[in-house]
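Only one structure is covered here, and it is reproduced in the block below.
In this chain, residues are counted from 1 in sequence order. In this text, all values refer to a predicted model and were calculated from it rather than measured experimentally.
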Amino acid sequence: MGRRGAGIHRRLTVIAIVMVLWGAVIGVRLYSLQVVQSADFKARAIGQHERVLEISPRRGSIFDRNGNELAVSIEVDSLYAVASEIADPEATAAFLADVFDSSAESMESRLNSDRGFTWVKRKISKREADRVRSANIRGLYFQKESKRFYPNRELASHVLGGVDLDDAGAGGIEYKYNDLIAGPPGKVVAMIDARGRSFHRLEQLPASGENLTTTIDQTIQFIAEREVARTIAQTRAVGMSVVAMDPSTGEILAMANYPQFNPNEYGRFPAENRRNRAIGQNYEPGSTFKIVTVAANLEESLTTLDEVIDCQMGHIDIMGHRINDHKPFGLLSVREILQYSSDVGAIKLGMRLGDQRFADYIGRMGFGRRTGVDLPAEERGLFRPAAQWSNVSVGAISMGQEIAATPLQVVNMVSMVANGGTLYQPHVVKRVEDPLTGRVTETRPVGQRVIGEETAALLRDALQTVVADGTGANARIPGFTVAGKTGTAQKIDPRTRAYSFTAYVASFVGFAPVSNPEVAVVVMIDEPVGPHGGGEVAAPAFKRIVEEILRYRSVVPDAPTAPPRSTDDDPAIPVPAVPVPQPDLREDMVGDWEVVDVAVRPETSVQDAGTDGGTGTVRIPDFDGLPLRRVTETCMQLGLKCQSGGSGFAIAQSVPPGTSVPWGGTVQVRFSTTYDRSIAPSPVPAVRPNP
């Protein structure tokens, strides 16, 4: 028993050890499968029985400062297919190819996808959806998605930007604030059986993104864009920019450019059209930069406005280089150097400062660095440190050469003069609101004092003289004091690398009224054909823009001369058509989202509108059925202030047609994208008041 029992005991021990080891191996394996790799196996199982389609996020709306819609999201149909349910993939592919103007091969490859659950085409037009629905093909299903829509087409397009095919921001505010505007995407989950057939579907709707209220005023933007169209037609320039700013806050009221684009068809326009020239194009500011030269001298107490300087009959030699003035001036005061835009006088003032001190002031006034505006792709301008200046640089820079700036930098600089010496950071978003939590974030003005109030006051006085009796005479506005400066700069010829004698940039920058500046505006015209001086072509555009803005905002004249003329004696100047490059848009591309800029029906024309015998009153027109742009333009012509709500066609107005109101009065008009005369409109439109 001893030996035999010992053998049995050893065998049992070995078996026990083997069983323990085997159990340990099984335990480790089970732990690996059920704990370590469980997520992976679970994902595989779900992948075999679930198909997921992501739904575009619903972007928040963008409004102008008065609550008018600039960008909204609308619901449209997207089409997807469950391949296993389609009885005849070849015939179905041929049908879909005809509906969507695509190739049958590409459609058939989608229908034969091994995923079994795939998009056919997203965000289709109503006409396309109706054709597919009428065919009643099993295996084809619709899903509601959001599509970005810009009800005013080109209006403020460079500020708004656009979205790409996935509804992600692709320019302007849409890109800069994409993380806020774009809400989380939704999704559709379909349960698939072993044969690939869908037997259950779950839908998770996307949440809305945050809403933005901009500093843009839709009416002022329209005024600026209309003037851009007029000026381009008259000058045949290759480009143009207008920026209107509130000088006391840095809020941008309007930003218009040529060429422009329709953000509803963002991808169909060339990149040149989509470029925001107001912040993305550098140009030599020319004589508008003399404001900086004089400002630095006044701030450093190196001169006074009444000091007389010998302008040497139009020429000056600097280190062997002769610079000629545009006219042979003799003795001029510093005020007159600005008034008549003497290059020699500006050069002499610049040389007093010296390179480094001059460069410091230029930087403090916002040149050579980005303004920090909340828009993408801003240029910083071109400005070299003083250590890199040549012997003649101080002279060239004094009159606006050897330096480049954006239109926004120039209007920001003159706004600093208008408000008393504070350089504000420009911005286009005024408020951000989260519709889910109700949280509101306001943008507060951020500024830095650059020059003293006394220096700013002297500059305002001198710049007023430029308009009253100098090169800016074409910017005069009856009844208002206006300050500003003209600029005419030669462009660099890319072939010769020298200044061109045929290509110029004409500009004017200024503000009004001088006593209490309401708005600052810069007008930059790139390569006008024919007359090319800033005083000839840019100043008149400035005058028309600012005059209408002051009238729209009911600003009280600070230099009244006579009551407003009857509009019967001051007919509107027709604006010629502008040859803006347009994409080839077929009706099915535009779909059902075209609601603005349509032809006005004969029965909705404006009748019996005008002033009453020069008494300072205006008869209210009948706006019923008119598109927003037509209503806005009519109000501008009549001297009325229009507060609009909604978009599309006018359905109600606060003042009955034919009623006489004082010149500069306000009428509220409500618009709707659905116009139906059989529906009685509300007597008073529900519009949001001005902030």
Side-chain angles (χ1 to χ4, degrees), residues 59-72 148 150 155-164 168-183 209-218 220-221 224 241-257 260 263 266 274-282 366-381 405-413 415-416 419 422-434 439-448 519-522 691:
R59 298 179 71 82
S61 298
I62 302 176
F63 303 96
D64 85 334
R65 65 188 301 114
N66 299 317
N68 299 305
E69 293 176 339
L70 299 178
V72 295
R148 203 58 162 167
Y150 304 88
L155 192 77
S157 57
H158 293 97
V159 175
L160 297 172
V163 296
D164 59 21
I173 290 175
E174 296 277 25
Y175 177 83
K176 185 71 174 182
Y177 288 89
N178 186 68
D179 291 343
L180 296 178
I181 301 174
E210 298 186 32
N211 299 324
L212 303 184
T213 297
T214 69
T215 61
I216 298 296
D217 187 306
Q218 180 174 273
I220 296 177
Q221 182 71 32
S241 290
V242 171
V243 181
M245 176 183 288
D246 183 337
S248 62
T249 63
E251 293 182 353
I252 295 175
L253 305 175
M255 183 177 284
N257 295 280
Q260 57 182 184
Y266 185 84
R274 301 195 301 263
R275 180 164 65 104
N276 188 347
R277 287 171 170 255
I279 64 172
Q281 176 174 343
N282 294 317
F367 296 95
R369 57 185 172 88
R370 296 182 179 90
T371 66
V373 65
D374 47 343
L375 288 171
E378 182 187 13
E379 289 284 343
R380 64 174 67 247
T406 66
L408 180 59
Q409 288 174 326
V410 174
V411 74
N412 203 33
M413 176 269 295
S415 292
M416 175 267 298
N419 67 41
T422 299
L423 189 72
Y424 283 101
Q425 179 176 327
H427 57 280
V428 294
V429 171
K430 189 177 182 71
R431 183 169 60 252
V432 180
E433 182 178 357
D434 189 332
R439 179 176 55 87
V440 175
T441 304
E442 299 273 354
T443 302
R444 303 296 181 188
V446 177
Q448 181 179 5
V519 63
V521 172
V522 64

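Here the options are I173, V428, I252, T214, the test is side chain to side chain contact (heavy atoms under 4.5 Å, CB included), and the partner is D374; only V428 passes.
Atom CD1 of I279 and atom OG of S241 lie 10.0 Å apart (nearest 0.5 Å). Expressed to the nearest 0.5 Å, how far CG of L160 lies from CG of L70 amounts to 5.5 Å. For the atom pair CZ of R59 and CG of L212, the computed distance is 9.0 Å after rounding to the nearest 0.5 Å. Taken to the nearest 0.5 Å, the OG1 atom of T215 stands 10.0 Å off from the CD1 atom of I220. Separation of atoms OG1 (T213) and CG (N66) is listed at 10.0 Å; rounding is to 0.5 Å. To the nearest 0.5 Å, atoms CE (M416) and CD (Q448) are separated by 11.0 Å.
Nearest approach of Y175 to P376, heavy atoms of both residues: CD2-CB, 3.7 Å. Minimum heavy-atom separation, G366 to Q409: O-NE2, 3.5 Å. Minimum heavy-atom separation, A278 to T406: O-CB, 3.7 Å. Taking each heavy atom of V410 and A405 in turn, the nearest pair found is CG2-CB, 4.2 Å. When all heavy atoms of P263 and G161 are compared, the pair lying nearest together is CB-O, 3.2 Å. Annotation for N419 and P247: closest pair ND2-O, 2.8 Å, computed over non-hydrogen atoms.
Under the rule for a side-chain contact (heavy atoms from CB on, under 4.5 Å), the partners of N211 that lie at least two apart in sequence or sit in another chain are S61, F63, P435. Scanning for side-chain contact (heavy atoms from CB on, under 4.5 Å) contacts around A71 gives I62, R148, Y150, E174, with sequence neighbours left out. Partners of Y424 under the ring-ring contact (aromatic ring centres under 6.0 Å, His included) rule, at least two apart in sequence or in another chain, do not exist in this structure. Residues meeting the salt bridge (charged side-chain N to carboxylate O under 4.0 Å, His left out) test with E251, sequence neighbours left out: R65, K430. Not counting sequence neighbours, the partners of Y266 by the ring-ring contact (aromatic ring centres under 6.0 Å, His included) test are F261. Partners of T443 by side chain to side chain donor-acceptor pair (under 3.5 Å), not counting sequence neighbours: none found. Scored by the salt bridge (charged side-chain N to carboxylate O under 4.0 Å, His left out) test, R439 finds E210 as partners (sequence neighbours excluded). Contacts of D246 classified as side chain to side chain donor-acceptor pair (under 3.5 Å), with partners at least two apart in sequence or in another chain: S248. With sequence neighbours excluded, the residues forming a side chain to side chain donor-acceptor pair (under 3.5 Å) with Q221 are E225, listed by chain and number. Annotation: side chain to side chain donor-acceptor pair (under 3.5 Å) contacts of Q281 (sequence neighbours excluded): R277, D526. Residues forming a side-chain contact (heavy atoms from CB on, under 4.5 Å) with R370 (at least two apart in sequence, or on another chain): E378, R380. In this view, R274 satisfies the salt bridge (charged side-chain N to carboxylate O under 4.0 Å, His left out) rule with no residue, not counting sequence neighbours.
For N276 (side chain) and G280 (main-chain N/O), no donor-acceptor pair under 3.5 Å exists by modelled atom type. Not a single donor-acceptor pair under 3.5 Å links the side chain of N412 to the backbone N or O of L408. Using a distance-only test at 3.5 Å, with no hydrogens or angles considered, no donor-acceptor pair links the side chain of D217 to the main chain of L253.
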